[in-house]
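Worksheet: the structure to be examined is printed underneath.
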Protein chains: 2
Amino acid sequence: MAGRALPKALIASGTEAADAPSVPHGVETAPGLAAVAVPQHHVGNDIRALRKSRGMTLNELCDALGRSIGWLSQVERGQANPSIPDLKAIAARFGVPVSFFFRNADAPADERGWIVRAHSRAAMGSPEDGLTEELLSPDIGGDFEMIRSVFAPGARREVMAARDTQDGGYVVSGELEMTIGGVSYLLKAGDSFQFDRQPYGWVNKGDRPAEVIWIISPPTY
Amino acid sequence: MAGRALPKALIASGTEAADAPSVPHGVETAPGLAAVAVPQHHVGNDIRALRKSRGMTLNELCDALGRSIGWLSQVERGQANPSIPDLKAIAARFGVPVSFFFRNADAPADERGWIVRAHSRAAMGSPEDGLTEELLSPDIGGDFEMIRSVFAPGARREVMAARDTQDGGYVVSGELEMTIGGVSYLLKAGDSFQFDRQPYGWVNKGDRPAEVIWIISPPTY
DNA sequence: GAAATGAAATTATTCATAAGAATTTCATTT
DNA sequence: AAATGAAATTCTTATGAATAATTTCATTTC
């Protein structure tokens, strides 16, 4: 059962892929292991992930920005830098705060892309309605995203049309009444749920916040 | 932003698909909604999900059981019933406790497949090593699985070879040192991580249990 | 007679190929 | 230096044949 042991934790190097233009990813090797691609971190990655999650092409996005395709392609691969106004336009187009692109900026280099610390999570969406959402996923390019949602007492959302995603959740604290596929359930701390492409809604009828770890696959942001 | 409102929660009916052999799923309709397929629940579903997650064919599994393909096909679709010895052999083949197949047996009919209550989670694997794992996912057939892992103080696992999965986690309480892709991180309550096909290991160096909500995609069970 | 089998029928997957769309590259322009 | 736009490349989608996997069901077995 015990897997193959590896040399004790290597120290993360701050090294980035040197200069070879044909190698878009840094490569870290460990004895006895195949080379592992470690993605670089720049706003281009986020822009691409956001664009893909909306099923948009470079063409559609650069139209919305009034820029050329070539430039946008370069931006997404970290070969060109969007200006602040560009970033604002992009953020607006996707409905995320501009700060989203800098959510990991102050994290240690070796944690970036792997870890998100409790005190440095990025806020998602607008904190309306008594719902706050924070991104737990350190990297947006994965098969699923993890979100920490806090539902204020009294907060409620009508049942929404089904998204084309699979959702799951775990109630860490508080109580939340969820309506999934037309049926309501009162969920308490420790309860979990999972559903596939169902309409859902929620109400916090309790007197304290409900904290839920929410999983969405594929990511929507 | 607010989605289309729907009639307030319908009461879940205990109805199962009547008898039409050409309709393998029950169908529940709600006013204004397209008919939604509600999967039936029988051990066959679990057997199929387990088999698929191991990349096994009907042929391979029925060989291991000393049964015919046709019969196994029927079992997986709920048209034949495996005997207790059959179930034991199947469970053994997949390394799950036989009770795994009955984890939802006493849950209310309308919750089965959607909700898992805190007090009725199924244990996974063997509770060796100071690691206990409970399945949070109510249904195994999804794109990801959710697990609640509790790491006892002092528990440790050497770095294991990478699985072909994407993993993510959220530390609910306690502290856990995780080694991901050769680098170690001390994670505390509220911290989260995510990685893709990386070797990983863990140690609980603290003096109380570490509780982690773990996501695996695709599921492994 | 119910349970199980095994061969035939059906369905799903894989592989190869081509067409079109999307993206990247890079010489040139702003 | 930043950005463009056309050419080159890569990626995605559609198609169909070949194979593998699964389901069906008439027959056999207990």
Side-chain angles (χ1 to χ4, degrees), chain A residues 17-26 37 39-40 42-90 93-94 101 140-143 164 218-219, chain B residues 17 19-25 37 39-40 42-90 93-94 101 140-141 143 164 218:
Chain A
D19 46 13
S22 61
V23 178
H25 292 91
Q40 303 304 122
H42 48 73
V43 293
N45 288 327
D46 291 344
I47 295 171
R48 171 154 294 182
L50 285 166
R51 178 172 64 80
K52 292 286 189 189
S53 78
R54 313 295 208 263
M56 209 181 290
T57 67
L58 282 174
N59 231 315
E60 294 171 285
L61 181 54
C62 76
D63 278 358
L65 298 176
R67 281 286 153 83
S68 71
I69 283 202
W71 173 80
L72 184 52
S73 170
Q74 290 173 184
V75 166
E76 290 193 351
R77 283 169 303 120
Q79 298 177 197
N81 293 312
S83 66
I84 307 296
D86 286 332
L87 269 190
K88 285 185 179 170
I90 293 168
R93 184 66 189 70
F94 291 128
F101 296 114
I140 53 172
D143 295 340
D164 197 23
Chain B
D19 47 13
S22 61
V23 178
H25 292 91
Q40 302 305 124
H42 48 75
V43 293
N45 288 327
D46 291 343
I47 295 171
R48 170 154 296 182
L50 286 166
R51 178 172 63 81
K52 292 287 188 187
S53 79
R54 312 296 209 266
M56 208 180 290
T57 66
L58 282 174
N59 231 314
E60 294 171 285
L61 182 54
C62 76
D63 278 358
L65 298 176
R67 281 288 152 82
S68 70
I69 284 203
W71 174 81
L72 184 52
S73 169
Q74 290 172 184
V75 165
E76 290 193 350
R77 284 169 303 122
Q79 299 176 197
N81 294 313
S83 66
I84 307 295
D86 288 331
L87 269 190
K88 285 185 180 172
I90 294 169
R93 184 65 189 71
F94 292 128
F101 296 115
I140 52 174
D143 295 340
D164 196 25

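Below, read A as the first sequence line, B as the second, and so on, with proteins coming before strands; counting in each chain starts at 1.
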Choosing from [options], which nucleotide comes nearest the side chain of [X]?
X     : options                : value
A:L58 : C:dT23, D:dA3, D:dT23  : C:dT23
A:S73 : C:dC26, D:dT23, C:dT23 : C:dT23
B:R51 : D:dT4, D:dT22, D:dT24  : D:dT22
B:W71 : C:dT23, C:dA4, D:dT4   : C:dA4

Non-hydrogen atoms of [X] and [Y] that approach each other most closely:
X      : Y      : value
B:I140 : B:A49  : O-CB, 3.0 Å
A:G142 : A:P219 : O-CG, 3.4 Å
A:D164 : A:P218 : O-CD, 4.1 Å
A:P82  : A:W71  : CA-CZ2, 3.8 Å

Could you state the atom-to-atom distance from [atom1] of [X] to [atom2] of [N] in whole Å?
X     : N      : atom1 : atom2 : result
A:Q74 : C:dT25 : CD    : C1'   : 8 Å
B:I69 : D:dA21 : CD1   : P     : 9 Å
A:D86 : D:dA2  : CG    : P     : 12 Å
B:R48 : D:dT22 : CZ    : P     : 7 Å

Salt-bridge present (B:R54, B:E60; N to O < 4.0 Å): no
Nearest-nucleotide 5' precedence on DNA chain C, B:N81 against A:N59: B:N81
Rounded distance [0.5 Å steps], CD1 in B:I90 versus CZ in B:R51: 11.0 Å
Inter-residue atom distance B:N81.CG - B:D86.CG, 0.5 Å rounding: 10.0 Å
Tell me what [X] touches on the nucleic acid: a base, only sugar-phosphate, or nothing, going by heavy atoms under 4.0 Å.
X     : answer
A:E76 : nothing
A:T57 : sugar-phosphate
B:R67 : sugar-phosphate

Donor/acceptor link under 3.5 angstrom from A:Q79 side chain onto base of C:dC26: no
Side-chain N,O (A:R77) to OP1/OP2 (D:dT10) below 4.0 Å: no
Contiguous pairing runs of three or more, Watson-Crick or G-U under 3.5 Å, that involve DNA chain C: C:1-30 with D:1-30
5′-ward residue of the pair A:G70/A:K52 relative to DNA chain D: A:G70
